[in-house]
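Taking it in order: structure first as structure tokens, then the write-up.
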Amino acid sequence: MIDFTGKVAFITGANGGIARATALLFNQLGASLVLTDQHAEPLDAFAASLPNRQARCVTARVDVTSTDDLDAACAMARAEFGGIDQLVAAAGWFPESSVAAMTDAHWHQVLAVNLDGVMRTCRAGARVLRDGGAVVNVASRAGHAGVANHSHYAAAKAGVLGFSRSLAQELAPRGIRVNCVSPGLIETAMSAPMREKMGDTRIALTPLRRNGQPVEIASAIAFLASDWASFITGETLHVNGGAYMAG
Ligand SMILES: NC(=O)c1ccc[n+]([C@@H]2O[C@H](COP(=O)([O-])OP(=O)(O)OC[C@H]3O[C@@H](n4cnc5c(N)ncnc54)[C@H](O)[C@@H]3O)[C@@H](O)[C@H]2O)c1
């Protein structure tokens, strides 16, 4: 069994479907948590609902477009726990715009969250990550295959893949591994508009004939963050029911 007892995980976007499933799984596996999101209030109720009371959980309001927010949360993590062992960058934003209608400002806003936000998270997090730790960045099938009317998001996620491989090389001397998970369509609030628009079309194109559940991404993140993946770095784990393979 994977055992995270004594580990400390720092998670961004922790009000989200995938991040909450990850936080719950890490809590069940014994990890203490630093949960962060741009909206702080719901985090406290969620933290109070976590079943493993042996593991501690602290929360902080962090907008990943703010270096100051991330630095402050990482300083808090150091003060509370002496450092962190696992960093999960899960904050994300998936708005819709064709390239034809894209303003410069909107393009930059989407990259600020989905690409710059991951860089800022990793830059601040690496300073408090203990040697031998692990980073898991949540990318997307969109970063590999593209998605019409979400080019900004797809470009940002493709950037996350290249960024993560570079960071993996920079942090390897400290024994810190950096990997990505690239989800396909997962049933969370983020994908609700797309699921409604596409109906069963996406499911029909997915060999396993269903959408994914947040816990199926959480378990991939837990694997990559664990010693079971101790010789894996600079890699991307696709979790999409075969949809990427099938196109
Ligand atoms: N759901 C899917 O189908 C799917 C597919 C591929 C990739 N992903 C990725 O998985 C991750 C989690 O997505 P989800 O499906 O759980 O979405 P979600 O909408 O449920 O959660 C996203 C979370 O990110 C937070 N967030 C957004 N902007 C932020 C900011 N500037 N600062 C801090 N927090 C911010 C939101 O408050 C929210 O809690 C994202 O990176 C997303 O791009 C999701």
Side-chain angles (χ1 to χ4, degrees), residues 10-25 34-47 59-70 72-73 87-96 108-122 124-125 135-147 150 152-161 163-164 180-198 202-203 205-206 210-218 220-221 224 236-241 243-244:
F10 185 109
I11 303 178
T12 67
N15 285 321
I18 288 172
R20 283 198 171 192
T22 303
L24 174 60
L25 180 58
V34 181
L35 299 183
T36 71
D37 196 280
Q38 60 183 342
H39 305 298
E41 222 170 78
L43 288 177
D44 291 326
F46 174 70
T59 66
R61 197 198 72 80
V62 169
D63 184 327
V64 296
T65 65
S66 163
T67 296
D68 288 349
D69 283 4
L70 282 158
L87 180 64
V88 180
W93 184 36
F94 184 63
E96 184 170 344
H108 288 303
Q109 283 165 351
V110 174
L111 266 78
V113 175
N114 292 305
L115 177 56
D116 303 6
V118 173
M119 184 283 290
R120 287 193 189 93
T121 299
C122 291
V135 177
V136 183
N137 291 327
V138 183
S140 173
R141 175 176 176 270
H144 307 265
V147 201
H150 299 276
H152 39 15
Y153 176 87
K157 293 296 190 179
V160 167
L161 301 171
F163 169 76
S164 301
C180 290
V181 172
S182 277
L185 197 65
I186 308 302
E187 291 187 358
T188 67
M190 177 179 285
S191 66
M194 174 162 271
R195 283 184 279 125
E196 193 168 327
K197 198 163 83 181
M198 293 191 74
R202 186 70 254 165
I203 291 175
L205 292 169
T206 302
R210 63 178 179 84
N211 296 322
Q213 295 302 316
V215 69
E216 294 176 299
I217 304 304
I221 293 170
L224 289 172
T236 300
L237 185 47
H238 292 261
V239 185
N240 52 48
Y244 180 53

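All ligand and atom numbering here is 1-based and tracks the order in the structure. Heavy-atom basis, side chains included; hydrogens, waters and symmetry copies ignored.
Between S182 and N240 the shortest side-chain heavy-atom distance does not fall below 4.5 Å. You'll find the side chain of H150 reaches within 4.5 Å of the side chain of E96, heavy atoms only. Here the side chains of H144 and L161 are in contact, with some heavy-atom distance below 4.5 Å. Residues T12 and D37 have side chains not in contact (no heavy-atom distance under 4.5 Å, counting atoms from C-beta outward).
Among all protein heavy atoms, the one lying closest to atom 23 (C) of ligand 1 is G13 O, 3.7 Å. The protein atom (non-hydrogen) at minimum distance from atom 32 (N) of ligand 1 is V64 N, 2.9 Å. Atom 25 (C) of ligand 1 has its closest protein heavy atom at D37 OD2, 3.5 Å. Protein heavy atom at the shortest distance from atom 21 (O) of ligand 1 is G16 CA, 3.1 Å. For atom 20 (O) of ligand 1, the closest non-hydrogen atom on the protein side is G17 N, 2.9 Å. The nearest heavy-atom contact from the protein to atom 13 (O) of ligand 1 is M190 CE, 3.8 Å. The protein heavy atom nearest to atom 22 (C) of ligand 1 is G92 O, 3.8 Å.
Close to ligand 1: G184, with a non-hydrogen atom less than 4.0 angstrom away. Assignment of A90 to the shell around ligand 1 is supported, since a heavy atom sits closer than 4.0 Å. In this structure, T12 has no heavy atom closer than 4.0 Å to ligand 1. Contact annotation: K157 has at least one heavy atom less than 4.0 Å from an atom of ligand 1.
Separating the OH atom in Y244 from the CZ atom in R141 is a distance of 8.5 Å, to the nearest 0.5 Å. Atom CG of residue L185 and atom CE of residue M198 lie 7.5 Å apart, to the nearest 0.5 angstrom.
Across every non-hydrogen atom of G13 and A19, the tightest pair is O-CB, 3.2 Å. A139 and P183 make their closest contact through O-CD, 3.4 Å (heavy atoms, listed as atom of the first residue, atom of the second, distance). Taking every heavy atom of both residues into account, N211 and R195 meet most closely at ND2-CD, 3.5 Å. Nearest approach of A60 to L43, heavy atoms of both residues: O-CD1, 3.7 Å.
With a 4.0 Å heavy-atom cut-off, ligand 1 is reached by no atom of F94. By the criterion of a heavy-atom distance under 4.0 Å, the side chain of T188, and not its backbone, is placed next to ligand 1. With a heavy-atom cut-off of 4.0 Å, V62 touches ligand 1 through its backbone alone. The proximity of D63 to ligand 1, defined as any non-hydrogen pair under 4.0 Å, involves the side chain as well as the backbone. Only the backbone of A139 comes within contact range of ligand 1, with a heavy atom under 4.0 Å; no side-chain atom does.
Within ligand 1, the atoms closer than 4.0 Å to a non-hydrogen atom of V138 are 9 (C), 10 (O), 11 (C), 41 (O), numbered from 1 in the order shown. Within the listing of ligand 1, atoms 6 (C), 7 (C), 8 (N), 9 (C), 42 (C), 43 (O) sit less than 4.0 angstrom from a heavy atom of Y153. Those atoms of ligand 1 with a heavy atom of V113 less than 4.0 angstrom away are 28 (N), 31 (N).
Geometrically, ligand 1 and R141 share no nitrogen or oxygen pair separated by less than 3.5 Å. No N or O atom of L185 sits closer than 3.5 Å to an N or O atom of ligand 1. When only interatomic distances are considered, the shortest N/O to N/O separation between P183 and ligand 1 does not fall below 3.5 Å.
A donor-acceptor pair shorter than 3.5 Å can be found between the side chains of N15 and R20. In this structure, a donor-acceptor pair under 3.5 Å is absent between the side chains of S66 and D68.
Around atom 44 (C) of ligand 1, the closest heavy atom drawn from I18, T65, I186 belongs to I18. For the residues Q38, R20, R61, R120, the heavy atom positioned nearest atom 36 (C) of ligand 1 is part of Q38.
Aromatic ring orientation, Y153 versus F94: perpendicular (interplanar angle above 60°, classes split at 30° and 60°).
A centroid separation of 6.0 Å or more is found between the aromatic rings of H152 and H108.
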